[in-house]
Amino acid sequence: MTDFAPKSDFLRVLHERGFIHQCSDMAGLDALAVKGEAIGYIGFDCTAPSLHVGSLVQIMMLHWLQQTGNKAIALMGGGTTMVGDPSGRDETRRILTVEDIQANKRGIFSVFSRFLNFGEGPRDAITIDNAEWLTTLNWIEMLRDVGRHFSVNRMLSMDSVRLRLERDQEMSFIEFNYMILQAYDFTVLARRLGCNLQMGGSDQWGNIVNGIDLGRRMGTHQLYAVTTPLITTASGAKMGKTAAGAIWLNADQMPPYGYWQFWRNTEDADVARFLKLFTTLPMGEIARLAALQGAEINAAKITLATEATALLHGREAAEAAAETARKTFEEGTLAADLPTIELSGAEIAAGLGLLSAFVKAGIVPSTGEARRQIKSGGLRLNDAPVSDERAALAAGDFNADGIAKLSMGKKKHVLLKLV
RNA sequence: GGGGGAAUGUCCCGAGCGGCAAAGGGGGCGGACUGUAAAUCCGCUGGCUAAGCCUUCGCAGGUUCGAGUCCUGCUUCCCCCA
């Protein structure tokens, strides 16, 4: 793969930016993409109301597919989510209700329009829900048309199944069928939309290749597979899964400022890789940023944060987040658009304890935690360390605009605003 | 169907002679060092109106001054035999 020089913009971009882990047939796919005839899809589970950063690599791949003149399909797994993908899971997924799945689908779709141009034109991206064909399948027909092409012997040898069996972990029949449905999706998309490429994370390789196989047996045109490497941080942690919660892509679950901060805090060793994967900056510019050493690399992190945030939330929100961070961290001044909690004057007059104020601001989960943080010197009111657990907020703690700043650690800041 | 084992601090793993807010990890949070980085070191890691009070060891009862620990029943999971 490394010695292959793609002729198509699509594969060249994916290759130089580090998106490709495996590909079923580089030359074959390249030939299609050169003509702008690659029609690729990625399936997205509807298990949560928003996608998180972990799905961003796939979204970026669709983005590039479209940007390089090919057709992108975002497949919503409204049907497959009812079954549950066992890949990479030790335990059976919780079975979601149909209503939940529908709600999740709406939340997830809102993100795609940021990265893809949807429409009716030949180069426009489209979205489609596999519930459309999966939910009306007839069991006997399915067995005869599709099931006969699957060898149970081979299914048992697939990682997603084998690993479970080897560890004596339960795998229910419904999950066992997941790979059949995903393979079937590929052939349906091939027949309906001329789709010829499925992309996904490296854990999807088995499922995707099954689809290619099924396509051949069912007489579709040649299908192709591309998978991305599993993206982890240099320290080995999975992307986007912090203890504070996942890094969601929907703004109502992860506001632009928080999203910007996530990228700003990237480890040094990850900066270059992430710039390539998660921004659309030209490679030359990335090379320049990647060459920065020591503390200067912070400039690259700021660029990474702003560019990545701009892709998702728009340039304006990204610049605003950058500015808020600059004021807060570099100048130490109040930035008005830090997360803000409103308080009434009456609450202050009634004597709101500082501990409770920190809880109210969502900085700590309990007053007990607030006490502990005070002991280790982690809490600050208007940048002055809090030392007295029994202190109460006073009118004097608020500035002329009726704002006080509560902080924990270096990074967590919340404004209290009198209304 | 028969026999055996397991469930612990609501993030995970895990120890726990009847005196237990419960060992030890991991993770996380805070502090120091730095550059809003990594690595390292230190501290913390049930709740509250806090020298006190309340609630935790699968569920429900029981024995006991006192139960995570003993007894009974139930639930779920695993293993062996059929």
Side-chain angles (χ1 to χ4, degrees), chain A residues 52 89-92 94 164-172 232-247 256-275 289-306 308-309 321-333 335 338-339 347 350-381 383-392 405-414:
Chain A
H52 55 79
R89 297 252 160 185
D90 281 352
E91 291 168 5
T92 304
R94 187 169 65 91
R164 283 269 192 101
L165 295 181
E166 279 176 1
R167 293 183 211 156
D168 277 326
Q169 276 151 347
E170 184 71 20
M171 149 121 6
S172 71
T232 56
T233 67
S235 309
K238 268 188 201 161
M239 275 289 287
K241 224 192 121 200
T242 68
I247 305 300
Y257 177 71
Y259 190 73
W260 193 93
Q261 282 295 326
F262 168 74
W263 292 107
R264 173 64 246 265
N265 286 308
T266 298
E267 291 177 35
D268 287 8
D270 289 327
V271 172
R273 195 160 50 105
F274 287 2
L275 280 167
L289 290 168
L292 296 174
Q293 291 298 316
E296 291 193 336
I297 205 168
N298 281 325
K301 292 185 189 182
I302 290 170
T303 303
L304 168 64
T306 303
T309 306
E323 180 59 11
T324 297
R326 198 183 61 76
K327 280 185 186 161
T328 306
F329 288 94
E330 292 176 27
E331 294 180 4
T333 54
L338 282 171
E347 280 180 280
L352 180 64
L354 207 42
L355 296 178
S356 311
F358 274 96
V359 175
K360 209 175 169 72
I363 293 177
V364 291
S366 67
T367 58
E369 175 65 15
R371 284 169 210 269
R372 277 179 227 119
Q373 290 296 350
I374 286 175
K375 281 197 190 98
S376 54
L379 296 188
R380 294 188 309 285
L381 166 62
D383 294 318
V386 177
S387 54
D388 180 9
E389 309 187 337
R390 303 193 184 183
K405 181 167 79 168
L406 299 182
S407 316
M408 179 169 84
K410 277 182 276 195
K411 299 177 186 175
K412 209 167 291 177
H413 306 279
V414 173

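Computed from a predicted structure; not experimentally measured. Letters A, B, ... mirror the listed sequences (proteins, then strands); counts begin at 1.
With a glycosidic angle no more than 90° from 0, C20(B) adopts the syn conformation.
Qualifying salt bridge (charged side-chain N to carboxylate O under 4.0 Å, His left out) partners for Arg264(A), counting only residues two or more places apart in sequence or in other chains: none. In this structure, Thr309(A) has no side chain to side chain donor-acceptor pair (under 3.5 Å) partners at least two apart in sequence or on a different chain. Scanning for side chain to side chain donor-acceptor pair (under 3.5 Å) contacts around Glu389(A) gives Arg371(A), with sequence neighbours left out. Shown here are the side-chain contact (heavy atoms from CB on, under 4.5 Å) partners of Ala391(A), two or more places apart in sequence or in another chain: Leu354(A), Asp388(A). For Lys327(A), the side-chain contact (heavy atoms from CB on, under 4.5 Å) partners two or more places apart in sequence, or in a different chain, are Glu323(A), Glu331(A), Thr333(A), Ala335(A). In this structure, the side-chain contact (heavy atoms from CB on, under 4.5 Å) partners of Asp270(A), at least two apart in sequence or on a different chain, are Thr233(A), Ala234(A), Thr266(A), Glu267(A), Arg273(A), Phe274(A). In this structure, the side-chain contact (heavy atoms from CB on, under 4.5 Å) partners of Ala322(A), at least two apart in sequence or on a different chain, are Trp260(A), Thr306(A).
With a cut-off of 3.5 Å on both Watson-Crick or G-U wobble distances, the partner of G35(B) is given as none. Judged by Watson-Crick or G-U wobble contacts below 3.5 Å, the nucleotide A6(B) has U76(B) as its partner.
A distance of about 13 Å separates the P atoms of G3(B) and G73(B), rounded to the whole Å. Rounded to the nearest Å, the gap between the P atom of C77(B) and that of U8(B) is 15 Å.
For Lys375(A) and C44(B), the NZ to C1' distance is 9 Å, given to the nearest whole Å. Atom NZ of Lys412(A) is separated from atom C1' of C29(B) by 7 Å (rounded to the nearest Å).
With values rounded to the nearest 0.5 angstrom, Ser407(A) atom OG is found 6.5 Å from Ile363(A) atom CD1.
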Legend entry - Protein-to-nucleotide contact annotation, 5' to 3' order, nucleotides 32-40 of chain B [B base; S sugar-phosphate only; - none; under 4.0 Å, heavy atom]: -BBBBBS--
Inset, instruction - Sugar-phosphate atoms are those with a prime plus P, OP1 and OP2; base atoms are the rest. Using that split, label each nucleotide of nucleotides 45-57 of chain B B, S or - for protein heavy atoms under 4.0 Å, 5' to 3'. - result: S-SSSB-------
